[in-house]
Student: 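Please find one structure pasted underneath; my questions will follow.
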Amino acid sequence: MANAGLQLLGFTLAFLGFIGSIASTVMVEWKASSYAGDNIITAQAMYEGLWRSCVSQSTGHVQCKVYDSLLQLPGIVQGARGLMLASILLSFISILVETVGMRCTTCMADNPEQKDKVALAGGVIFILAGLLALVGTSWYGNRIAKDFYNPFTPTNSRYEFGSALYVGWGAACLTIIGGAFLCCHCSGGGSGKSPRYPPSRSAGQPGKDYV
């Protein structure tokens with residue numbers, strides 16, 4: 001069980017990435033209003049997320065509005081929603097798989113080879129979940145950057161990266177790294193039995209002396 005510590009570390013990192021993906025998905029600060037320019041009104045700040053948009057006044061009052069129609073949403077929002085939800089679902093499935101395949105659990109303890117295969121499958125699923133989250137956040141961030149540098153975009157309609165994107169990027173990296181740790185297997189983590197070789201015939205055998 002030389003890999004038990006490495007598997008536990010990988011599962012912890014991937015689980016933190018799973019929590020971060022959920023937090024990033026529900027956060028509203030996917031993009032925040034930009035204050036770059038000379039004629040920007042700073043009395044209010046606008047935020048947009050995957051599920052709602054909010055306006056924060058300088059007085060501290062915050063007003064949020066949930067998106068009314070799914071079909072009227074931009075394709076980037078719908079795509080990011082689908083990718084993040086798929087990432088969360090895959091991470092949840094991988095958590096269930098790892099509870100069976102990790103060496104620190106008692107499930108399938110009588111079959112360590114199959115147990116390692118289950119842990120490997122869970123690690124692969126974690127990596128796929130992290131990639132989905134990374135694609136979703138990077139795609140959304142790329143659109144924000146394109147609109148920001150577009151000269152035809154009005155100055156008061158430009159947005160910058162919100163804190164939810166940074167949380168999503170960090171969560172995706174943790175999930176991928178944790179899944180990679182779960183896929184690692186030490187060379188000494190096998191059955192622990194040394195190979196047996198047939199006895200050498202070079203030595204003389206008793207009872208077979210010839211004159």
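Computed from a predicted model, the values in this text were never measured in an experiment.
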Student: Work out which heavy atom in Met27 is nearest to a heavy atom in Ala23; give both atom names and the distance.
Tutor: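 For Met27 versus Ala23, the nearest heavy atoms are CG-O, 2.8 Å.
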Student: Are Phe15 and Ile88 connected into the same hydrophobic cluster when the rule is that any two of I, L, V, M, F, W, Y join if their side-chain heavy atoms are below 4.5 Å apart?
Tutor: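 In one cluster: yes.
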Student: Treat each ILVMFWY residue as a node, draw an edge where side-chain heavy atoms are under 4.5 Å apart, and state whether Val167 and Val77 are in one component.
Tutor: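 Shared cluster, no.
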Student: Please report the interatomic distance SG(Cys173) to CG(Leu16), rounded to the nearest 0.5 Å.
Tutor: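 Going from the SG atom of Cys173 to the CG atom of Leu16 covers 13.5 Å.
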Student: Same cluster or not: Val26 versus Leu90, using hydrophobic residues (I, L, V, M, F, W, Y) connected whenever any side-chain heavy atoms lie under 4.5 Å apart?
Tutor: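 Hydrophobic grouping puts Val26 apart from Leu90.
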Student: Decide yes or no on side-chain contact (heavy atoms from CB on, under 4.5 Å) for Val55 and Lys65, but give the supporting numbers first.
Tutor: CA-CA 9 Å; Val55 177; Lys65 183 178 184 299; over 6 Å; no
Student: Which atoms form the tightest heavy-atom contact between Thr137 and Leu165, and what is the distance?
Tutor: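 For Thr137 versus Leu165, the nearest heavy atoms are O-CD2, 3.5 Å.
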Student: Taking a hydrophobic cluster as the set of Ile, Leu, Val, Met, Phe, Trp and Tyr residues connected by side-chain heavy atoms closer than 4.5 Å, whether directly or through intermediates, do Ile76 and Val28 fall within one such cluster?
Tutor: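 Each belongs to a different hydrophobic cluster.
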Student: With rounding to the nearest 0.5 angstrom, report the CD to CD distance, Glu48 to Glu29.
Tutor: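 One gets 12.0 Å once the value is rounded to the nearest 0.5 Å.
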Student: Search all heavy atoms of Gln7 against all heavy atoms of Asp116 and return the closest pair with its distance.
Tutor: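 Heavy atoms only, the tightest pair is NE2-OD1, 4.4 Å.
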Student: Please name the pair of heavy atoms, one in Gly79 and one in Trp139, separated by the smallest distance, quoted to 0.1 Å.
Tutor: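 Closest approach of Gly79 to Trp139, heavy atoms only: CA-CZ3, 3.6 Å.
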Student: Show the nearest heavy-atom pair for residues Tyr47 and Ser56, with the distance to one decimal.
Tutor: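 Nearest heavy atoms, Tyr47 then Ser56: CE1-CB, 4.1 Å.
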Student: Donor-acceptor pair, distance only, cut-off 3.5 Å: does the side chain of Thr175 make one with the backbone of Gly130?
Tutor: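 Not confirmed, Thr175 side chain does not pair with Gly130 backbone.
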Student: Output, in order, the C-alpha distance, side-chain angles, deciding distance and verdict of side-chain contact (heavy atoms from CB on, under 4.5 Å) for Phe161 and Ile144.
Tutor: CA-CA 7 Å; Phe161 297 154; Ile144 294 175; 4.0 Å; yes
Student: Without swapping roles, check the side chain of Ser21 against the backbone of Gly17 for a donor-acceptor pair under 3.5 Å.
Tutor: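 Yes; at least one donor-acceptor contact below 3.5 Å.
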Student: Quick one: OG on Ser53 to NZ on Lys31, what's the gap to the nearest 0.5 Å?
Tutor: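 Rounded to the nearest 0.5 Å, the OG-NZ separation comes to 10.0 Å.
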Student: With a 4.5 Å cut-off on side-chain heavy-atom distances among I, L, V, M, F, W and Y, is there a chain of contacts connecting Leu50 to Val62?
Tutor: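 In one cluster with Leu50: Val62, no.
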Student: What heavy-atom pair brings Phe92 and Phe18 nearest, and what distance separates the two atoms?
Tutor: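 For Phe92 versus Phe18, the nearest heavy atoms are N-CE1, 4.0 Å.
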Student: Start with the C-alpha distance between Trp30 and Ser24, add both sets of side-chain angles, then the distance that settles side-chain contact (heavy atoms from CB on, under 4.5 Å), and finish with yes or no.
Tutor: CA-CA 8 Å; Trp30 275 66; Ser24 175; 3.7 Å; yes
Student: How many angstroms lie between SG in Cys64 and CH2 in Trp51, if you round to the nearest 0.5 Å?
Tutor: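 So the SG of Cys64 and the CH2 of Trp51 are separated by 15.5 Å.
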Student: Main chain of Gly49, side chain of Tyr67: is a donor-acceptor contact present, judged purely on distance under 3.5 Å?
Tutor: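 Yes, Tyr67 side chain to Gly49 backbone: donor-acceptor pair under 3.5 Å.
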Student: Find the distance between CZ (Phe181) and OG1 (Thr12) and round it off to the nearest 0.5 Å.
Tutor: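 Nearest 0.5 Å value for the CZ-OG1 distance: 11.0 Å.
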Student: Kindly compute the distance separating CD1 (Ile93) from CZ (Phe126), expressed to the nearest 0.5 Å.
Tutor: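 Answer rounded to 0.5 Å: 11.0 Å.
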